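Worksheet: the structure to be examined is printed underneath.
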Protein chains: 2
Amino acid sequence: MPTDVAARLRAQGYRVTEPRLRVYEVLRTADGHLTADEIADALAHGAEPTTLSSVYRALAVLDELELVRSSRLTDGDASHWELAHPDEHFHVVCTSCGDVDHHRGSLVSVIEDHLRDGHRFEPEEITVLVRGTCARCRGVADSA
Amino acid sequence: MPTDVAARLRAQGYRVTEPRLRVYEVLRTADGHLTADEIADALAHGAEPTTLSSVYRALAVLDELELVRSSRLTDGDASHWELAHPDEHFHVVCTSCGDVDHHRGSLVSVIEDHLRDGHRFEPEEITVLVRGTCARCRGVADSA
DNA sequence: GTGGCTGCAAACATTTTGCATAACT
DNA sequence: AGTTATGCAAAATGTTTGCAGCCAC
């Protein structure tokens with residue numbers, strides 16, 4: 001059982017509603033980084049259309065519960081949302097194919113330790129975003 | 001002489017204009033992270049008011065020349081702009097006092113090497129954003 | 001003198017909000 | 001039943017763009 005969203009909602013005094021469950025479900029099954037708009041689109045094709053504003057409100061609540069997380073993968077674009085895995089703070093984005101990879105945290109803890117020990121800075125949240133070209137796209141571009 | 005903006009502009013076929021020079025000057029002297037709006041404000045008090053749209057267009061050109069850089073230091077807010085120093089990809093933001101620190105790159109190159117060697121991923125741009133509490137603010141909050 | 005740049009205002013995109021209705025508890 | 005959440009539409013925010021006149025070249 002991954003995460004009982006309903007229980008988490010109830011535990012914090014939030015009501016368990018369709019939009020909230022559905023938004024979470026979309027993010028879970030899509031297994032990717034979706035904008036609020038894309039989530040709303042995905043839900044529009046389903047049984048009952050869920051409004052964009054409800055998507056935003058659902059995301060705000062799920063974010064509050066630390067069930068989802070937003071990140072700005074591109075410069076000017078909209079925020080992208082994904083399930084929150086506590087140890088995945090590390091986005092690797094291929095600028096060629098748009099693929100997004102996660103890396104788990106050993107480097108993140110190196111950064112944490114460095115700041116804590118060397119600078120007496122207490123880190124709460126670390127975001128690492130790398131843009132570049134993935135192995136597959138490099139293979140296509142390169143000759144050898 | 002830090003950087004001859006005029007020369008860089010000319011070299012790329014851009015014209016040397018007041019707004020471009022002034023926007024760069026504001027960022028250089030402010031020595032901080034300003035939003036486009038704050039830059040426009042700073043220029044409004046000066047001799048000739050420079051429009052917000054001109055600020056955006058100037059920033060786009062300066063970004064193109066890699067003289068300035070934008071970063072999303074906060075979640076929903078506007079982009080913040082600063083001079084581009086090639087080895088400063090590492091933002092440390094204090095959520096208490098709002099202070100922004102730069103760290104130079106040893107950790108960044110660790111990340112680069114890891115991705116290149118271990119994953120055949122060619123990094124082009126790395127952004128590290130850490131939010132937390134700085135030493136000064138911790139001192140105020142703590143007792144001992 | 002010419003073409004790129006600016007200012008202005010209007011358009012755009014994303015996100016937030018007010019209010020009446022509907023739904024969870 | 002009581003309240004909180006939703007849907008709709010309108011507002012707020014940050015950023016981009018079209019166009020006429022201006023300025024660097």
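Note on naming: letters A, B, ... go to the chains in the order of the sequence lines (proteins, then strands), and numbering restarts at 1 for each one. Everything quoted here is computed from the prediction, not taken from an experiment.
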**Message:** Strictly below 4.0 Å: does Thr17(B) bring a side-chain N or O up to OP1 or OP2 of dC23(D)?
**Reply:** no

**Request:** Please determine, for the side chain of Ala78(A), which listed nucleotide (dT15(D), dA24(D), dT14(C)) has the closest atom?
**Result:** dT14(C)

**Request:** Classify the nucleic acid contact of Ser53(A) as base, sugar-phosphate or nothing, counting any heavy atom under 4.0 Å across all strands shown.
**Result:** base

**Message:** Taking 4.0 Å as the cut-off, does a side-chain nitrogen or oxygen of Arg57(B) come that near to OP1 or OP2 on dT6(C)?
**Reply:** no

**Request:** Have a look at Thr35(B) and say if it touches a base, only the backbone sugar-phosphate, or nothing, with a 4.0 Å heavy-atom cut-off.
**Result:** nothing

**Request:** Verify whether one side chain among Thr50(B) and Glu18(B) offers a donor that lies under 3.5 Å from an acceptor in the other.
**Result:** no

**Message:** Using OP1 and OP2 only, check whether a side-chain N or O of Tyr56(B) sits under 4.0 Å from dT16(D).
**Reply:** no

**Test salt bridge (Lys or Arg N to Asp or Glu O under 4.0 Å) applied to Glu25(A) and Arg22(A), step by step** = CA-CA 5 Å; Glu25(A) 236 8 61; Arg22(A) 275 184 263 149; over 6 Å; no

**Message:** Tyr24(A) and side chain to side chain contact (heavy atoms under 4.5 Å, CB included): which single residue from Val61(A), Leu62(A), Leu9(A), Thr29(A) fits?
**Reply:** Leu62(A)

**Asked** Starting at CZ of Arg22(B) and ending at P of dC23(D), how long is that distance when rounded to a whole Å?
**Response** 12 Å

**Request:** Can you figure out which of dT15(C), dC8(C), dG7(D) approaches the side chain of Thr51(B) most closely?
**Result:** dC8(C)

**Message:** If you compare every side-chain N and O of Ser54(B) against the phosphate oxygens of dG7(C) (OP1, OP2), does one of them come in below 4.0 Å?
**Reply:** yes

**Item:** Atom pair distance, as rounded to whole Å: CZ in Arg10(B) and C1' in dC5(C)
**Value:** 15 Å

**Prompt:** Can you tell me how far P of dT16(C) sits from CG of Asp63(A), to the nearest Å?
**Reply:** 11 Å

**Asked** Could you state the CG-P distance from Leu21(A) to dA5(D), rounded to the nearest angstrom?
**Response** 13 Å

**Message:** Can you measure Glu18(A) atom CD to dT21(C) atom P for me and round it to whole angstrom units?
**Reply:** 23 Å

**Request:** Using only heavy-atom distances, determine whether the side chains of His102(A) and His91(A) contain a donor-acceptor pair under 3.5 Å.
**Result:** yes

**Between C1' of dT14(C) and CZ of Arg72(A), the distance in whole Å** = 8 Å

**Message:** Counting only heavy atoms not in Glu64(B) (residues, nucleotides, ligands), do more than 12 fall under 6.0 Å from its CD?
**Reply:** no

**Request:** Could you check how far NE2 of His80(B) sits from C1' of dT15(D), rounded to whole Å?
**Result:** 15 Å

**Prompt:** In whole Å, what is the span from the CG atom of Asp37(A) to the P atom of dT16(C)?
**Reply:** 14 Å

**Request:** Check whether the side chain of Arg15(A) and the base of dT4(D) form a donor-acceptor pair under 3.5 Å.
**Result:** yes

